[in-house]
There are 2 protein chains.
Amino acid sequence: MTTMNLSPGQLDLLFQALGDPTRRAILERLARGPASVSELAAPFDMALPSLMGHVRRLEESGLVTSTKDGRIRTVQLVTGAFTPVRSWLDEQRAIWEGRLDRLDDYVTRLMKDREDGS
Amino acid sequence: MTTMNLSPGQLDLLFQALGDPTRRAILERLARGPASVSELAAPFDMALPSLMGHVRRLEESGLVTSTKDGRIRTVQLVTGAFTPVRSWLDEQRAIWEGRLDRLDDYVTRLMKDREDGS
DNA sequence: CAGATAGTTAGGAGATGACCTAACTAATAT
DNA sequence: ATATTAGTTAGGTCATCTCCTAACTATCTG
């Protein structure tokens, strides 16, 4: 009930896509609005095919979509694509905090025992 | 101004560390408490040196620390290690939601939040 | 139509990643 | 003291990642 589990490889794709500075920069740009491939390429000192590769990888991970109109390919952020990442992080925190809570209980109980015992 | 920027490669290391299912599984285990290398290895059908490599990578990314006591190396989650990841995601969302004007306040609030282990 | 523009395909170099086995050191148990 | 346990080091294989150049297609513009 706590989580909806998605395909295991999806998180891999997402995290791996985010693990590259160029791709994160592309996403940061796209957070401000859609852009053509050339617009995306402009800030980088990188050959077009290399940048295209990044865009393809972002698309394969589901973070981005693109449509071609005439000779221009427009790339767009996918709404909610980060959700699985956020969910995983939240889950980890929940587990961690659950552990802390249990530890807290333990310490509380321990201190109560001491009061009783002394 | 708006953000406290951490070393550029740090996010790379973090996201890349998270981009592997074995490493995420290790983290999930560690969220429940520290464990020895062998304990970590137990659930996996993987040679020890391979698993050790994952632990090393987690340690290099700052997600985990380990100490050796006798012949046992105990691995532990690093508190707050996920924070840069969360911050990046939150920033993206803030930009995407067109809240650039309030980003400063947002980050201030975020840093004031309790540091937890998520 | 000619030329410029936007993107794509093909192929390859070089680095890194994820795994393995074999052989080793160091600590502990018998 | 010897055997067992826990981890480490060394080295090798195979796949993937990131980047490049060269050459190509398709779409506008003049």
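Only a predicted model underlies this, so the values are computations on that prediction, with no experimental measurement involved. FYI, side chains are in, hydrogens and waters are out, and symmetry mates aren't considered; it's all heavy atoms of this structure. Protein chains get the first letters and strands the later ones, always in sequence-line order, with residue 1 at the start of each.
- Across all strands shown, B:R23 has heavy atoms under 4.0 Å from sugar-phosphate atoms exclusively, and none from any base.
- Nearest-nucleotide positions on DNA chain D place B:E39 closer to the 5' end than the other of B:E39 and A:T22.
- Set against D:dA10, D:dC20, D:dA6, the side chain of B:S38 has D:dA6 as its closest nucleotide.
- For A:R56 and C:dT8, the shortest distance from a side-chain N or O to OP1 or OP2 is not below 4.0 Å.
- Remark: P of D:dG7 and CG of B:L40 are 9 Å apart, rounded to the nearest angstrom.
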Evaluation steps, salt bridge (Lys or Arg N to Asp or Glu O under 4.0 Å), between A:D90 and B:R86: CA-CA 10 Å; A:D90 288 345; B:R86 287 194 158 281; 2.4 Å; yes
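- The side chain of A:H54 places an N or O atom within less than 4.0 Å of a non-bridging phosphate oxygen (OP1 or OP2) of D:dC19.
- If you measure from atom CG of A:D69 to atom P of C:dG7, you get 11 Å, rounded to the nearest angstrom.
- At whole-Å resolution of the value, CD1 in B:I72 and C1' in C:dT25 are 16 Å apart.
- Closest-nucleotide positions on DNA chain C for A:T74 and B:K68 were compared, and the one nearer the 5' end corresponds to A:T74.
- For the pair A:D20 (side chain) and A:R23 (backbone), a donor-acceptor distance under 3.5 Å is present.
- Classification of the A:F15-B:F15 ring pair by plane angle, with boundaries at 30° and 60°, yields tilted.
- Taking atom CD of A:Q16 as the reference point, atom C1' of C:dG17 lies 10 Å away to the nearest angstrom.
- Positionally, the nearest nucleotide of DNA chain C for B:M46 lies more toward the 5' end than for the other of B:M46 and B:G70.
- Atom CG of B:L51 is separated from atom P of C:dC19 by 9 Å (rounded to the nearest Å).
- For B:R57, whose side chain is taken as the heavy atoms from C-beta onward, the closest listed nucleotide among C:dA18, D:dA10, C:dT8 is C:dA18.
- When the side-chain nitrogen and oxygen atoms of A:R73 are compared with OP1 and OP2 of C:dA6, none of them lie within a distance under 4.0 Å.
- Residues B:Q10 and B:L14 meet the side-chain proximity criterion, which asks for heavy atoms closer than 4.5 Å.
- Atom CZ in A:F44 sits roughly 17 Å away from atom C1' in C:dG7 (whole-Å rounding).
- Computed from coordinates, the A:E60 CD to D:dC17 C1' distance equals 12 Å when rounded to whole Å.
- We find that A:D12 and B:R24 are joined by a salt bridge, their nearest charged nitrogen and carboxylate oxygen being less than 4.0 Å apart.
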Would A:T65 and A:E59 count as a side chain to side chain donor-acceptor pair (under 3.5 Å) if you check the C-alpha gap in whole Å, the side-chain angles of each, and the deciding distance to 0.1 Å? CA-CA 6 Å; A:T65 40; A:E59 201 158 5; over 6 Å; no
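- Residue A:L48 is in base contact, counting any heavy-atom pair closer than 4.0 Å across all strands shown.
- Counting any heavy atom pair closer than 4.0 Å across all strands shown, B:D45 reaches sugar-phosphate atoms only and no base atom.
- Rounded to a whole Å, the CE atom of A:M52 is 15 Å from the P atom of D:dT18.
- Applying the 4.0 Å criterion to OP1 and OP2 of C:dA18, one finds that B:S50 has every side-chain N and O outside that range.
- Between the side chain of B:R71 and the base of D:dT5, a donor-acceptor pair under 3.5 Å is found.
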